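Following: one structure in structure tokens, then a few remarks.
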Amino acid sequence: MQQRCDQCRRPIQGEPVRTATRTLCDACGATFLGLAAGTLAGSGDVGQGIATAGWFERLRRRRRG
């Protein structure tokens with residue numbers, strides 16, 4: 001049985017990104033990791049987390065493309 005992403009419900013291709021409570025596809029995992037990194041770096045600032053998530057996603061897309 002193929003795993004599905006807990007966020008977007010798409011089938012997961014390859015290795016999933018596992019958090020403490022969820023299993024995510026690569027795209028949703030990149031968003032989650034960017035949000036977490038930005039929030040921690042911005043001392044809990046949600047705006048910083050959102051900005052870092054977008055930056056992190058673009059870096060991962062560029063590296064794969």
Side-chain angles (χ1 to χ4, degrees):
M1 185 171 142
Q2 191 172 23
Q3 288 184 320
R4 291 196 172 268
C5 176
D6 290 337
Q7 180 70 31
C8 67
R9 305 303 304 159
R10 288 183 289 189
I12 296 175
Q13 304 294 325
E15 189 68 27
V17 176
R18 297 190 192 278
T19 69
T21 58
R22 305 178 94 188
T23 301
L24 303 172
C25 66
D26 193 47
C28 293
T31 302
F32 174 79
L33 293 174
L35 285 168
T39 301
L40 289 172
S43 301
D45 182 25
V46 175
Q48 182 69 32
I50 292 169
T52 305
W55 173 81
F56 190 67
E57 284 180 71
R58 283 189 295 278
L59 278 178
R60 289 189 73 164
R61 254 186 270 134
R62 186 173 207 172
R63 187 177 66 182
R64 288 199 175 109

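As the structure is a prediction and not an experimental result, all values here were calculated from the model.
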Of all pairs that satisfy salt bridge (charged side-chain N to carboxylate O under 4.0 Å, His left out), the ones with a partner from residues 25-38, not counting sequence neighbours: Asp26-Arg60, Asp26-Arg64

For Gln13, check side chain to side chain contact (heavy atoms under 4.5 Å, CB included) against everything at least two apart and list the hits. Gln2, Pro11

Can you list the residues that meet the salt bridge (Lys or Arg N to Asp or Glu O under 4.0 Å) rule with Asp6, with sequence neighbours excluded? Arg9

With sequence neighbours excluded, what pairs up with Arg22 under the side chain to side chain donor-acceptor pair (under 3.5 Å) test? Gln7

Restricting to non-hydrogen atoms, name the atom on Thr31 and the atom on Ala53 that form the minimum distance, rounded to 0.1 Å. O-CB, 3.8 Å

What one should report as the nearest heavy-atom pair of Thr23 and Pro16 is CG2-CB, 3.5 Å

Who passes side chain to side chain contact (heavy atoms under 4.5 Å, CB included) against Ala27, sequence neighbours left out? Arg10, Cys25

